[in-house]
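Have a look at the structure below, then the notes.
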Amino acid sequence: MSDFGFESTADDVLEGKDLTGRTAFITGGYSGLGRETARAMADRGAHVVIAGRDADKGEATVAELKRETGNDSIEFVACDLASLGSVRACGAEARDRLAKIDLLINNAGVMACPKDTTADGFERQFGTNHLGHFLLTKELMPLVRKGKAPRIVNLSSRGHHLDEVHFDDPNFEDREYDKWKSYGQSKTANIQFAVGLEKRFGPEGIHAIALHPGGIMTNLGRHMTEEDMRWMKKRMEDNASQGGEGFKTIPQGAATTCWAATTEELEGKGGLYCEDCQVAPVDDESTQGGVRSYALDPDKADRLWALSERMVGESFAP
Ligand SMILES: NC(=O)c1ccc[n+]([C@@H]2O[C@H](COP(=O)([O-])OP(=O)(O)OC[C@H]3O[C@@H](n4cnc5c(N)ncnc54)[C@H](OP(=O)(O)O)[C@@H]3O)[C@@H](O)[C@H]2O)c1
């Protein structure tokens, strides 16, 4: 049982750790939880690579983080996860510029956006949150293989309780689009992807962990309507009245990522789902936490792997 929990911050979990010589590659690293993860890891000496789709925001964040941490080893690489072409270009650029990746933090995400498609015609949430990261991870695997005790951390969400992956209709072609079911599907995929990675790459020492960071006010809520806000607030209040916790701060929200990426407690382990700096129990009922059994189901993880390979048009074998 970890010493850390709901209240812990990214700095708390990294206290006393020296990340000098470690390279952390963080998608969505110029905003919200990704930025705080980048800051905290850079503060402990890591070489930090921020990947994002907006070069101006990325370069500005690199400059800010260098000032805030005094660490000059921070860089930006362009990557639009909603375009397979951009993901491939990012992979090529990273392989050209970097010697290795020790910590791959698949953090970027979109939530509850109106129905839309990516450049390749995938439903936007599944396409960005899962398929973009699936292909990016494949592109970066040669660098991850060169890392020391490498870990891959997938930012999922308690939102995975909202739905499973619909293997026969991931793009909502045969059913009515529902922005929350779509988010739930993509966040379940983030967990099943960690299970699939662990099965294929765990034996060679590359471990993959999924997590829920908590509920945190960030730009993630940019597509939420007033009605969504009321619904979310009520959900949080109901949770609180049943003994659950409320919102976290951004430093608290980045703690489980930093913990999953560095804790000795998870050495040699993967295919897990964490929350509040702990491995979460399997729970098919609670709205307060835990991981749904379908998200850790190895057969479903294999189906997702095959579906993802078909959709991106490439095999991803060890
Ligand atoms: N905040 C929460 O309460 C909460 C709860 C559960 C899970 N999570 C998960 O935590 C992760 C981080 O979210 P956050 O709260 O920090 O939200 P955020 O501040 O909105 O950060 C999300 C990041 O993802 C990037 N992104 C979105 N679409 C992209 C694309 N097509 N290509 C590349 N990057 C893209 C965004 O870049 P742009 O600014 O350019 O769009 C931004 O940098 C997400 O995976 C989210 O699902 C958050």
Side-chain angles (χ1 to χ4, degrees), residues 25-35 37-38 49-61 76-95 104-141 152-157 159-160 162-163 165-167 169-173 177-194 197 210 218-224 304-305 307-314 316:
F25 188 105
I26 306 170
T27 66
Y30 55 62
S31 162
L33 309 183
R35 187 192 189 285
T37 301
V49 186
I50 288 174
R53 58 181 164 172
D54 184 326
D56 290 341
K57 281 194 206 167
E59 295 296 358
T61 303
F76 172 76
V77 60
C79 181
D80 182 353
L81 290 160
S83 156
L84 297 181
S86 172
V87 171
R88 289 189 184 102
C90 170
E93 175 84 17
R95 292 193 302 277
L104 171 57
I105 315 292
N106 288 326
N107 162 85
V110 280
M111 180 178 79
C113 50
K115 188 167 190 192
D116 193 8
T117 48
T118 65
D120 307 277
F122 308 134
E123 184 280 315
R124 179 167 292 278
Q125 298 192 68
F126 190 70
T128 305
N129 298 353
H130 170 60
L131 292 173
H133 280 122
F134 180 83
L135 183 63
L136 181 66
T137 303
K138 179 192 167 174
E139 287 283 333
L140 298 179
M141 199 49 95
I152 300 171
V153 176
N154 289 351
L155 273 275
S156 173
S157 169
H160 84 273
L162 297 171
D163 211 356
V165 175
H166 291 242
F167 298 107
D169 187 23
N171 288 324
F172 286 83
E173 283 159 348
Y177 180 68
D178 177 317
K179 63 189 180 184
W180 290 109
K181 283 188 188 298
S182 160
Y183 185 64
Q185 164 172 269
S186 73
K187 292 288 132 180
T188 294
N190 293 152
I191 305 170
Q192 290 175 346
F193 181 36
L197 281 166
T218 64
N219 291 335
L220 193 68
R222 73 182 86 172
H223 296 294
M224 285 173 75
L304 176 71
W305 198 278
L307 174 71
S308 309
E309 288 184 322
R310 267 201 314 282
M311 291 179 82
V312 304
E314 290 185 32
F316 182 6

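If you're wondering where the values come from, they're calculated on a predicted model, not measured in any experiment. Starting from 1, each residue takes its place in the sequence as its number.
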Distance, nearest 0.5 Å, that separates [atom1] of [X] from [atom2] of [Y]:
X	Y	atom1	atom2	answer
Tyr30	Asn219	OH	CG	10.0 Å
Leu155	Ile105	CG	CD1	8.0 Å
Asn190	His160	CG	NE2	10.5 Å
Cys79	Glu139	SG	CD	9.5 Å
Thr137	Phe193	OG1	CZ	4.0 Å
Leu135	Met311	CG	CE	12.5 Å

* To do: Please work out whether the ring planes of Phe134 and Trp305 are parallel, tilted or perpendicular, with thresholds of 30° and 60°.
  => perpendicular

* Asked: How are the rings of Trp180 and Tyr183 set relative to one another: parallel (under 30°), tilted (30 to 60°) or perpendicular (over 60°)?
  -> perpendicular

* Among all residues two or more places apart in sequence or in another chain, which pass the side chain to side chain donor-acceptor pair (under 3.5 Å) test with Asp163? ->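 Per chain and number, Asp163 pairs via side chain to side chain donor-acceptor pair (under 3.5 Å) with His166.
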
Mind listing the side-chain donor-acceptor pairs of residues 50-61 below 3.5 Å, one per line with the distance, residues two or more places apart or on another chain?
unit_1	atom_1	unit_2	atom_2	d
Asp54	OD1	Asp56	N	3.0
Asp54	OD1	Lys57	N	3.0
Thr61	OG1	Lys57	O	2.8

* Do Asn129 and Ser186 pass the side-chain hydrogen bond (donor to acceptor under 3.5 Å, both in side chains) test, and can you show the C-alpha distance, the side-chain angles, and the key distance before you say yes or no? -> CA-CA 6 Å; Asn129 298 353; Ser186 73; 3.0 Å; yes

* Asked: Taking C-beta and beyond as the side chain, do Cys90 and Leu136 meet within less than 4.5 Å on heavy atoms?
  -> yes

Only pairs under 3.5 Å count here: list side-chain donor-acceptor contacts from residues 108-120, not counting sequence neighbours, and write none if there are none.
unit_1	atom_1	unit_2	atom_2	d
Lys115	NZ	Phe172	O	3.3
Asp116	OD2	Arg124	NE	2.8
Asp116	OD2	Arg124	NH2	3.2
Thr118	OG1	Asp120	N	3.3
Thr118	OG1	Phe122	N	3.1
Asp120	OD2	Leu84	N	2.9

* Structure fact -> Between Ser308 and His130 the two heavy atoms that sit nearest each other are OG-NE2, 2.8 Å

